[in-house]
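Shown next, in structure tokens, is the structure this report addresses.
Just so it is clear, the values below take in all heavy atoms, side chains as well, and ignore hydrogens, waters and symmetry mates. Everything numeric in this text was worked out from a predicted model, so none of it was measured.
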Amino acid sequence: MFLSRIFGRALFAASAAKTEGAAAASAAALSRAPQNPLEEFFEADRSADNETPVVYGRSWKASELRLKSWDDLHKLWFVLLKEKNMLMTQRQMLHAQSLRFPNPERIPKVRKSMCRIKHVLTERAIEEPDPKRSAAMKKMINSL
């Protein structure tokens with residue numbers, strides 16, 4: 001009985017600490033959320049005094065994407081779609097102002113990743129033994 005009280009209190013304290021940490025993290029995430037939903041189409045401005053170039057990541061490899069689940073690929077597709085929309089919006093705005101688009105190599109990286117996701121999903125649809133499910137998967141993939 002004594003041990004259950006000690007462990008119960010320890011677990012309760014750990015649980016309370018996690019809850020407080022989660023509440024603080026969610027409050028921080030809410031403070032960073034854009035006020036206007038259209039702000040998601042624009043990249044956060046960097047300070048003008050920072051002269052170091054920003055290095056962006058590479059595109060996803062098909063071998064990496066094959067390891068991901070269907071849901072993870074679906075989520076990644078929409079993250080990439082959002083990134084592509086943001087980059088295209090930024091490029092169009094800068095073009096209208098006769099300014100140079102920084103890091104234009106980011107758009108092909110996003111496009112390649114999106115094409116590779118479709119390729120991996122198509123491979124999975126072809127390997128599906130059930131013809132009805134395979135047809136439904138192909139139809140869904142073609143609608144992307």
Side-chain angles (χ1 to χ4, degrees), residues 3-48 50 52-144:
L3 288 177
S4 65
R5 283 186 187 167
I6 291 174
F7 287 123
R9 287 181 186 159
L11 291 174
F12 179 73
S15 164
K18 283 184 183 178
T19 305
E20 290 172 5
S26 66
L30 288 176
S31 67
R32 284 182 269 138
Q35 306 298 36
N36 185 346
L38 293 177
E39 289 180 17
E40 294 181 9
F41 286 99
F42 304 100
E43 193 170 32
D45 292 330
R46 294 188 306 138
S47 61
N50 190 359
T52 59
V54 177
V55 178
Y56 295 97
R58 59 176 174 76
S59 59
W60 285 85
K61 295 180 181 178
S63 59
E64 296 169 335
L65 295 171
R66 286 185 186 103
L67 301 175
K68 299 211 169 279
S69 69
W70 181 271
D71 291 333
D72 288 343
L73 290 175
H74 189 74
K75 290 175 189 174
L76 182 59
W77 173 267
F78 284 105
V79 167
L80 289 170
L81 184 63
K82 192 173 179 181
E83 178 78 8
K84 180 181 164 190
N85 285 340
M86 186 266 305
L87 291 172
M88 300 295 269
T89 302
Q90 184 181 12
R91 183 178 73 174
Q92 186 63 30
M93 281 189 55
L94 292 172
H95 180 71
Q97 297 172 359
S98 299
L99 296 174
R100 186 179 157 274
F101 179 60
N103 296 36
E105 67 274 1
R106 289 173 62 190
I107 295 174
K109 288 178 184 179
V110 171
R111 284 186 180 151
K112 281 182 186 177
S113 295
M114 292 175 80
C115 287
R116 288 176 180 155
I117 288 175
K118 283 183 95 169
H119 179 75
V120 169
L121 291 175
T122 304
E123 286 177 348
R124 290 183 185 179
I126 291 170
E127 292 173 1
E128 179 65 36
D130 182 19
K132 289 183 181 179
R133 183 177 161 124
S134 176
M137 289 171 71
K138 289 177 185 176
K139 185 177 179 182
M140 192 278 305
I141 293 166
N142 289 333
S143 68
L144 293 177

Could you walk me through whether Leu73 and Lys75 pass the side chain to side chain contact (heavy atoms under 4.5 Å, CB included) test, one step at a time?
CA-CA 5 Å; Leu73 290 175; Lys75 290 175 189 174; over 6 Å; no

Lys/Arg-Asp/Glu bridge criterion (N-O < 4.0 Å) met for Glu64, Arg58
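A salt bridge links Glu64 with Arg58.
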
[atom2] on [Y] to [atom1] on [X], rounded to 0.5 Å:
X: Leu80; Y: Asn85; atom1: CG; atom2: CG; answer: 11.0 Å
X: Ser113; Y: Glu83; atom1: OG; atom2: CD; answer: 10.0 Å
X: Phe101; Y: Gln92; atom1: CZ; atom2: CD; answer: 11.0 Å
X: Leu76; Y: Leu65; atom1: CG; atom2: CG; answer: 6.5 Å
X: Met86; Y: Ile107; atom1: CE; atom2: CD1; answer: 9.5 Å

Check whether any side-chain N or O of Arg106 sits under 3.5 Å from a backbone N or O of Leu87 as a donor-acceptor pair, and report yes or no.
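No, Arg106 side chain to Leu87 backbone: no donor-acceptor pair under 3.5 Å.
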
For residues 129-140, pull every pair meeting salt bridge (Lys or Arg N to Asp or Glu O under 4.0 Å), keeping only residues two or more places apart or in separate chains.
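For residues 129-140, and leaving out neighbouring residues, the salt bridge (Lys or Arg N to Asp or Glu O under 4.0 Å) pairs sorted by first residue read Glu128-Arg133.
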
Pairwise side-chain contact, Val110 with Leu81, heavy-atom cut-off 4.5 Å (strictly under):
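They are not in side-chain contact.
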
Within residues 70-100 or reaching into it, pairs that qualify as ring pair (Phe, Tyr, Trp, His ring centres under 6.0 Å) - sequence neighbours excluded:
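Every ring pair (Phe, Tyr, Trp, His ring centres under 6.0 Å) pair that includes a residue of residues 70-100, provided the two are not neighbours, is His74-Phe78.
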
To check you understand the geometry: which heavy-atom pair defines the closest contact between Ser59 and Arg116, and what is its length?
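Closest approach of Ser59 to Arg116, heavy atoms only: OG-NH1, 3.1 Å.
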
N/O donor-acceptor pairs under 3.5 Å from side chains in residues 120-127, not counting sequence neighbours:
residue	atom	partner	partner atom	Å
Thr122	OG1	Lys118	O	2.7
Glu123	OE1	Arg66	NE	2.9
Glu123	OE2	Arg66	NH2	3.0
Glu123	OE2	His119	NE2	2.9
Arg124	NH1	Lys68	O	3.2
Arg124	NH2	Arg66	O	3.1
Arg124	NH2	Lys68	O	2.4

